[in-house]
Amino acid sequence: MDKPTQQLGHLAWCLLAALQLAKQNGKAQTPMNQHLFIMQWLANAQKQKRFPKSVAIDT
């Protein structure tokens, strides 16, 4: 497995873990709330440069 694929897998795993925690805390109960949570989480991760550019390319 190449490194970008591993990095993308790590990003996806972190997102799914964060989403599950949000669901458990009652912050992402509906599909719309889940979508909004995911979009905000991705925006924050990009802004905070939490993942390498290979998986968070600026467009």
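Nothing here was measured: the structure is a model prediction, and the numbers come from that model.
- Residues forming a ring pair (Phe, Tyr, Trp, His ring centres under 6.0 Å) with H35 (at least two apart in sequence, or on another chain): none.
- Every side-chain hydrogen bond (donor to acceptor under 3.5 Å, both in side chains) that Q40 has, sequence neighbours left out, goes to N44.
- Grouped with M32 in one hydrophobic cluster are L36, the linkage being side-chain heavy-atom contacts under 4.5 Å among Ile, Leu, Val, Met, Phe, Trp and Tyr residues.
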Check residues 9-27 and write down every donor-acceptor pair under 3.5 Å in which the side-chain atom is one partner and the other belongs to a residue at least two apart or another chain.
from, atom 1, to, atom 2, distance (Å)
N25, ND2, L21, O, 3.2

